[in-house]
Amino acid sequence: MSGFDTSWVPEFERQVGCRMQSNVPMSRCTTFGVGGPAQMLVWIDNESELSQVWQYASSRRIARRVIGKGSNVLVSDRGLSGITVKLTGNLSTIRPLDVSAGYLDVEVGCGCSLGKLLAWARTQGLGGLEGLVGIPGTVGGAIKCSAGTKIGCIGDHLLEARMLSRKRIGWHKATKLGLGYRRSTIGSLSVVVSARFRLVRKTSTEVAESYENARKARGNQPRGVRSAGCFFKNPKKRSAGALIEASGCKGIRLGDAMVSLQHANYIVNAGKAKAQDILRLAHKVMYCVRHQSGIHLEREVELWGWTRGG
Ligand code: EPU
């Protein structure tokens, strides 16, 4: 198993009652379709199971992480040591809370996909989250990465998030999460468990219109490809896509990793790419952009499992 320490596994299997499987290829759990095996994948159904696993792992210093839709991560070919958690069941529900004439507060489990949340909001005549149309992740992942588009981002209508850290679980106001352009101050060992949003009541025509506008805004982006969306953040007042195109990198390949011909800030797995091909291609793009424009591109995609214990 990729040379990872396995001494903790038998005791973990005995003591923790959740569904689990060892050696699961992360290529099945990420939108890039690449990545070596997770040493132990654990399906978690509720908050108490999550606390139990998290505390178990943190007290024994076992590496741990939560994966949502795997839409913003590049997992190494070597794979992931320790525990990788997938949220299911109660951690994916949508629960209406306070209602008033103009808005509805809603509590959402962080394993809920953005697609499911948006479809629900649309049928309820609720607006506010249209900026997230077409983003493939889960609510938890979207909060941690502060996902969004030019129309809006996850933080715009977020009231508070319930977070599990090493020792405690509790609600944190959205203003305390350090949400900015594709960043938050939520640490890698904290998990967003659920979130409360305040959504705005709209007429069905208004909702349909705002969803259509959001869909159009993504019109120039590749669909149905294996990618992690935009690979790089936009530098201040510039577009990473335009900079990459100007540097001559549009369409270049390394193995089966390719810079999309449709949108240069998408790196796609055009066949049987390895994670290593994708990362090397990203480095090449960074080099060319810096050479051509002097601008340093910063990754939006997270790297998992590229360092020992990482
Ligand atoms: N452009 C090029 N060449 C390209 C791609 C884009 O010249 O290959 C130019 C476009 O013509 C346009 C400008 O760059 O003038 C901006 O492009 P676009 O409208 O596609 O927006 P973007 O800045 O590349 C951002 C987000 C997307 C989000 C869209 C729409 C980032 C890094 N990307 O893209 O988010 O969907 O706006 O709101 O902020 C993501 O983060 O994964 C993502 C897909």
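Numbering of ligands and ligand atoms starts at 1, following listing order. Sequence positions, counted from 1, serve as the residue numbers for this chain. Heavy-atom basis, side chains included; hydrogens, waters and symmetry copies ignored.
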So for ligand 1, is G229 a polar contact partner (N or O within less than 3.5 Å, distance only)? no

Between the side chains of S210 and E130, is a donor N or O closer than 3.5 angstrom to an acceptor N or O? yes

Can you sort out which atoms of ligand 1 are near E300, meaning under 4.0 Å from one of its heavy atoms? 32 (C), 40 (C), 41 (O), 42 (O)

Give me the residue, atom name and distance of the protein heavy atom closest to atom 35 (O) of ligand 1. R182 NH2, 3.2 Å

Could you identify the single nearest non-hydrogen protein atom to atom 10 (C) of ligand 1 and state the distance to 0.1 Å? N220 ND2, 4.6 Å

Flag this pair as yes if the NZ/CZ of R198 is under 6.0 angstrom from the six-membered ring centre of Y103 and inside a 45 degree cone about the axis; otherwise no. yes

Answer yes or no: does an N/O atom from H263 fall short of 3.5 Å to an N/O atom of ligand 1? yes

Checking the N or O distance criterion of under 3.5 Å, is ligand 1 in contact with K150? yes

What protein heavy atom is closest to atom 8 (O) of ligand 1, reported as residue, atom name and distance in Å? A264 N, 2.7 Å

Short list, please: which atoms of ligand 1 are under 4.0 Å from a heavy atom of Y181? 31 (C), 32 (C), 39 (O)

Donor + acceptor pair across side chains of E302, W304 (<3.5 Å): yes

Lys/Arg-Asp/Glu bridge criterion (N-O < 4.0 Å) met for E300, K233: no

Which atoms of ligand 1 have any heavy atom of Y266 under 4.0 Å away? 44 (C)

Under 4.0 Å, heavy atoms only, figure out whether ligand 1 is touched by the backbone of E245, its side chain, both or neither. side chain

Beyond-backbone contact of R60 with W8, side-chain heavy atoms, under 4.5 angstrom: no

Taking N or O atoms only and a 3.5 Å limit, does C230 qualify as a polar contact for ligand 1? yes

Out of all atoms in ligand 1, which are within 4.0 Å of some heavy atom of F232? Include the element for each. 32 (C)

Side chain, backbone, both or neither: which applies to T149 and ligand 1 if a contact is any heavy-atom pair less than 4.0 Å apart? both

Give me the residue, atom name and distance of the protein heavy atom closest to atom 1 (N) of ligand 1. A242 N, 3.7 Å

Just by distance, no angles: are the side chains of Q221 and Y266 close enough, under 3.5 Å, to form a donor-acceptor pair? yes

Under 3.5 Å between some N or O of ligand 1 and some N or O of K250? yes

What do you reckon, does S239 have a nitrogen or oxygen under 3.5 Å from a nitrogen or oxygen of ligand 1? yes

What protein heavy atom sits nearest atom 27 (C) of ligand 1, and how far off is it? Q221 NE2, 3.7 Å

Could you list the atoms of ligand 1 found under 4.0 angstrom from a heavy atom of R218? 36 (O), 44 (C)

Any R201 side-chain heavy atom under 4.5 Å of V99 side chain: yes

Relative to ligand 1, is F231 under 4.0 angstrom through side chain, backbone, both or neither, heavy atoms considered? neither

Could you tell me whether R122 sits above the aromatic face of Y211, with NZ or CZ closer than 6.0 angstrom to the six-membered ring centre and within 45 degrees of the axis? yes

